[in-house]
Amino acid sequence: MESVNYEYFDSENDYSKNPNATKHRSFNVSRGDFSKYAILNGFYGKKLISRDARKFYSSMCRMAVKKEKGFYVISDEYEFAETSYKNVISFAMGMLATRIIANEIYNINKLYHFTDKSFKGTLVNGKMAPDWIGVDGQKKVFLFESKGTCNKNVRKKTIEHAKVQLNNVGSIKDTSTNQMYYPQKDSKHVICSCFDAYSGIDKVWNIHDVDPEGKGEVNLEINFDKECFMYYQAFVSYVDSLNQVYQCESVKNQKYYCWVYEDEKYCILEEIYNSMKSGQFNEQNRYRNFNNYVNEKLSDIEYPEQFSHDGISSYED
């Protein structure tokens with residue numbers, strides 16, 4: 001596995017000049033994570049995507065970087081691409097960076113895309129929403145806006161626009177439980193993918209985490225039970241489409257179903273997969289309590305380290 005450089009900024013005014021030194025770190029990201037997160041980003045609309053499309057989403061991010069001295073650095077294919085292609089790759093890398101940071105830094109294993117057509121939450125009066133919403137293990141709601149560039153940092157104007165999108169949301173109502181969430185400053189983040197010198201290496205993949213100031217106004221509604229179900233349905237549809245018999249594996253008395261496809265390994269907790277296939281949770285009962293069911297199952301397991309090696313990918317839980 002290779003490393004990326006992570007920097008946190010306390011406000012948009014501090015961006016690119018005053019990172020928070022106590023939160024600065026580097027961490028490893030496997031090639032399997034590239035595929036896993038990129039394919040998840042491709043399940044837009046919660047519809048099954050083709051095998052060629054899965055290869056496209058996975059390979060676009062993987063081709064953007066190469067390995068050098070233990071770090072990911074920008075590839076020539078990305079850096080010197082025609083401008084329109086470069087913009088697309090930058091967008092994809094920003095989305096990829098957000099999933100990585102949500103999981104690695106904020107303990108969020110499921111992200112829901114605001115602009116997904118299947119997502120029922122909307123903002124009124126033409127206000128633009130940020131890219132992502134997620135909930136951590138302590139049921140704290142986070143909002144993320146993704147940005148990407150092949151330069152040293154994202155433009156200040158772009159950060160300011162992202163701040164507005166994040167601060168359009170003042171409260172969130174979970175219609176499955178009627179619980180209200182009020183995202184605070186520390187739970188709104190602009191995640192930036194960029195490339196700068198680090199540890200004596202030129203153009204290392206940097207992920208910048210900007211925590212903009214300001215309060216939101218508009219209420220958003222979301223059914224977390226349904227969104228969680230659709231999230232897993234995307235994965236179940238994917239592995240079912242491989243037309244392969246799953247292999248059962250046990251790790252610390254935890255049972256997983258696993259599929260291998262083109263040297264990549266996809267695994268999911270047995271109980272979650274079976275619950276998806278059972279029909280117990282459906283549109284008629286509004287997938288009631290599915291989110292809590294999943295969270296309870298995940299709280300009882302330990303992450304299986306043998307699924308985390310380079311070239312192997314497990315699902316987000």
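Annotation: the span from Y246 atom OH to L242 atom CG amounts to 14.0 Å, rounded to 0.5 Å. Within the model, atoms OG of S16 and NE2 of H208 stand 8.5 Å from one another, a figure rounded to the nearest 0.5 Å.
Inter-residue side-chain proximity for Y6 and I101 is flagged as met; some heavy-atom pair is nearer than 4.5 Å. Here the side chains of V204 and S199 are not in contact, with every heavy-atom distance at 4.5 Å or above. At a threshold of 4.5 Å between non-hydrogen side-chain atoms, the residues F9 and V210 count as touching. Residues Q233 and S237 have side chains in contact (heavy-atom distance under 4.5 Å, counting atoms from C-beta outward). Between V190 and K163, the closest side-chain pair of non-hydrogen atoms is not below 4.5 Å. Annotation: side chain of F195 is in contact with side chain of W205 (closest heavy-atom distance under 4.5 Å).
S58 places no side-chain N or O within donor-acceptor distance of the main-chain N or O of R54, the cut-off being under 3.5 Å. Side-chain atoms of N20 never come within 3.5 Å of backbone atoms of Y8 as a donor-acceptor pair (strictly under, hydrogens ignored). At least one donor-acceptor pair closer than 3.5 Å links the side chain of N167 to the backbone N or O of E213. Judged by distance alone, with hydrogens and angles left aside, the side-chain atoms of E270 form no donor-acceptor pair with the main-chain N or O of Y256 at under 3.5 Å. Q184 contributes a side-chain N or O that, together with a main-chain N or O of Y182, makes up a donor-acceptor pair within less than 3.5 Å. Side-chain atoms of N103 never come within 3.5 Å of backbone atoms of R99 as a donor-acceptor pair (strictly under, hydrogens ignored). In this structure a side-chain-to-backbone donor-acceptor pair under 3.5 Å is missing from N292 to N289. Without hydrogens or angle criteria, S75 side chain to A64 main chain gives a donor-acceptor distance under 3.5 Å. Here the side chain of D211 pairs no donor or acceptor atom with the backbone of D209 at under 3.5 angstrom. Counting only distance, with no hydrogens or angles, the side chain of N5 and the backbone of S26 share no donor-acceptor pair below 3.5 Å.
Applying the 6.0 Å contact sphere to CZ of F91 captures no more than 12 heavy atoms from other residues, nucleotides or ligands. Other residues, nucleotides and ligands contribute only 12 or fewer heavy atoms inside 6.0 Å of the CZ atom of R288.
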Requested in this report: Go through the steps for F229 and F281 under the test ring-ring contact (aromatic ring centres under 6.0 Å, His included), then give the verdict.
Outcome: CA-CA 8 Å; F229 184 89; F281 302 97; 7.1 Å; no
Query raised in the report: Going through the distances and angles, do V73 and D202 end up as a side chain to side chain contact (heavy atoms under 4.5 Å, CB included)?
Result: CA-CA 7 Å; V73 301; D202 195 23; over 6 Å; no
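Applying the side chain to side chain donor-acceptor pair (under 3.5 Å) test to every pair with at least one member in residues 81-96, sequence neighbours left out, gives these pairs: Y78-S90.
With salt bridges taken as basic N to acidic carboxylate O contacts below 4.0 Å, none links K23 and D10.
Hydrophobic clustering keeps I201 apart from Y72 (ILVMFWY residues linked when any side-chain heavy atoms are closer than 4.5 Å, directly or through intermediates). Transitive grouping of hydrophobic side chains (ILVMFWY, heavy atoms separated by less than 4.5 Å) brings I105 and L298 into a common cluster.
Between P130 and E145, the shortest heavy-atom distance links the atoms CA-OE1, 3.3 Å. The shortest non-hydrogen separation linking V4 to F71 is N-CD2, 4.4 Å. In this structure, D131 and M95 approach most closely via the heavy-atom pair OD2-SD, 4.2 Å. Here the closest non-hydrogen pair linking R31 and V65 is NH2-O, 3.4 Å. Looking at every heavy atom in both residues, S193 comes nearest to M93 through OG-CB, 3.5 Å.
Among residues two or more places apart in sequence or in another chain, the side chain to side chain contact (heavy atoms under 4.5 Å, CB included) test is passed with D240 by V236, Y273, K277.
A tilted orientation is assigned to the rings of Y266 and F235, their planes being inclined by 30° to 60°. Relative ring orientation between F144 and F142 is described as parallel, the plane-to-plane angle staying below 30° on a 0-90° scale split at 30° and 60°.
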Determine all donor-acceptor pairs shorter than 3.5 Å in which one atom belongs to a side chain in residues 148-160; sequence neighbours excluded.
{"residue": "T149", "atom": "OG1", "partner": "N151", "partner atom": "N", "Å": "3.1"}
{"residue": "T149", "atom": "OG1", "partner": "N151", "partner atom": "ND2", "Å": "3.3"}

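No donor-acceptor contact under 3.5 angstrom links the side chains of N223 and Y287, judged on distance only.
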